[in-house]
Amino acid sequence: MIRDIAIVGFGLAGASAARSLRDQGYDGRIHLFGDEPVPAYDRPSLSKSVLSGAVAEAPPLLDAAWYAEAGMEIHAGERVRRIDLAHRRLHLPSGTSLTYDRLLLATGARARTLSLPGAELDGVLSLRDQADSAKLRSRIGPGMSLLIVGGGLIGCEVATTARKAGAEVRILESADELLLRVLGRRLGAWCRERLEALGVVVQRNARITAFEGKGGRARAVAFADGLRISADTVLISIGAEPDTALAQQAGLACVRGVPVDATGLSACPELFVAGDAACWPLREGGQRSLETYLNSQAQAATAAAAMLGRAEPSPQVPRAWTEIAGHRIQTIGDFEGPGSWLLRGDAESGHPLLMLRVHGGAVAAAMSVDATKDFATATRLVEAGTPVSLPALSDPATNLRDLLRARPSTGTR
Amino acid sequence: MAFVRVCGRSEVAEGEAVKLDQFAIPVALFNVDGAFFATQDRCTHGEWSLSDGYLDGDVVECSLHMGKFCVRTGKVRSAPANGALRTFAVRVEGDEVFLDFDAAAAAP
């Protein structure tokens with residue numbers, strides 16, 4: 001009988017799992033532990049509406065009333081010190097411990113750091129939580145300048161927000177194009193052009209060697225070629241690393257995440273992992289930490305069911321969205337992979353655009369720019385593995401929903 | 001208050017939606033197999049337009065976080081959404097669709 005479930009990590013995955021447990025009728029205790037002093041909130045808005053000041057704080061994921069009604073035992077701001085897997089026990093900062101029947105690790109990911117001289121200077125920031133966003137927000141008004149190291153999703157989202165707030169923004173990217181890892185070269189280049197049109201300066205192939213400061217405060221960034229650029233605010237946005245410290249301490253082998261099966265089960269029978277901390281199997285093969293909102297949600301629901309003995313394997317298809325330079329970009333599946341790409345929409349201007357990777361007679365991946373409706377249909381084609389023909393897909397006159405209707409849906413939703 | 005004409009029947013295909021911008025807040029007008037329903041356009045969960053969502057029967061799925069709502073009642077059908085949508089009364093007369101911004105949809 002499962003009566004005590006502990007969830008360590010109170011972000012999207014932790015909160016989603018708690019909600020799923022109650023939705024599935026579990027009425028035992030649920031303990032939620034989080035490092036931050038507040039209940040789970042919408043982290044993606046930290047680089048958008050919270051950073052711009054459009055909203056005072058990140059929207060909570062669940063209402064305060066829900067936690068009370070659902071009888072959650074909330075330990076926000078209580079950092080679990082150690083997990084004793086053999087005795088199913090959490091050691092808490094107060095010196096006490098808590099015994100669990102099932103444990104979900106949902107510790108997320110931490111911002112990757114740069115080990116360069118001066119990285120500790122005041123003004124060299126990262127963006128991961130609400131406090132980080134507030135600090136950055138106070139530094140991006142008109143007449144201020146922001147140097148962003150790393151042109152990935154967070155870097156480009158922040159560049160958009162900061163530029164719209166009137167700041168001078170420069171992105172330093174070590175690769176020869178922005179967003180290569182997440183969006184690929186075509187969309188990466190397109191986003192760079194849109195950012196440049198907003199007035200963001202983009203410097204590619206940038207080799208930084210140090211941050212320089214005065215009195216402990218950042219003043220400049222130095223490059224390998226001897227040049228320097230003055231900067232009093234620097235955002236390091238070079239990706240994230242799954243936070244597996246507790247799992248490793250407990251003796252689990254981790255490789256960029258805790259390896260789990262497609263139900264979230266780790267090598268230990270009472271320990272489940274969901275969200276960024278999980279190295280989760282993919283539908284197209286392999287496994288990795290996905291670091292996306294939608295996959296974290298899906299993993300949390302799957303792991304919650306599995307903790308209750310209702311395991312339904314859910315290999316993931318990566319899904320993400322972003323907003324860059326005012327454009328809505330959505331992706332499903334990996335853009336790298338077998339098959340051929342075809343484009344629907346306005347390839348000339350670059351939006352609205354839907355790009356589809358077709359492999360083995362089905363859509364394996366899709367990316368869209370300002371084409372949310374078509375993208376929603378494309379996600380169903382990908383998830384259901386609906387058989388499609390290249391000529392039909394390529395024909396601009398084809399309504400994608402008709403392709404979906406042509407076959408009874410057999411896939412998962 | 002009063003019903004005002006918002007569009008012609010044929011301007012919204014079955015299974016589709018349009019965004020109406022002439023009211024105090026944006027409104028999404030849905031065509032569910034020939035019947036019209038209206039809700040607030042902004043998802044209660046994220047900053048996204050529900051008229052950009054995916055309508056399946058009388059359920060719209062927000063294309064941002066995949067929360068689902070019944071467009072007849074505004075009720076949440078699937079997490080992560082956790083707040084109901086405001087609904088608006090809609091009337092169809094002949095080929096014209098009318099909406100009363102100050103009245104909620106009648107209970108089904």
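This structure is a prediction, so every number in the text was calculated from the model and none was measured. We name chains A, B, ... by the order of the sequence lines, and we start the count at 1 in each one.
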Atom CG of residue position Asp21(B) - does it have more than 12 heavy atoms of other residues, nucleotides or ligands inside 6.0 Å?
yes
Check whether more than 12 heavy atoms from other residues, nucleotides or ligands sit under 6.0 Å from atom CD of Glu11(B), and answer yes or no.
yes
Looking at OH of Tyr54(B) and CG of Leu404(A), how far apart are the two atoms once the value is rounded to the nearest 0.5 Å?
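So the OH of Tyr54(B) and the CG of Leu404(A) are separated by 4.5 Å.
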Check each atom of Ser20(A) against the heavy atoms of chain B and say whether the ones under 4.5 Å are side chain, backbone, both or neither.
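No part of it gets close to chain B.
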Quick one: what part of Asp63(A) sits under 4.5 Å from any heavy atom of chain B, side chain, backbone, both or neither?
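For Asp63(A), the contact with chain B is made by backbone and side chain together.
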Lys373(A) (side chain) donor-acceptor with Ser51(B) (main chain) under 3.5 angstrom:
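Side chain of Lys373(A) to backbone of Ser51(B), a donor-acceptor pair under 3.5 Å: yes, one is there.
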Does anything in residues 319-331 of chain A reach chain B? List residues with heavy atoms under 4.5 Å apart, or say none.
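Those residues of residues 319-331 of chain A which have a heavy atom under 4.5 Å from chain B are Arg319(A), Trp321(A), Glu323(A), Arg328(A), Gln330(A).
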In terms of heavy-atom contacts, Leu55(B) and Arg401(A) come closest through O-NH2, 2.7 Å
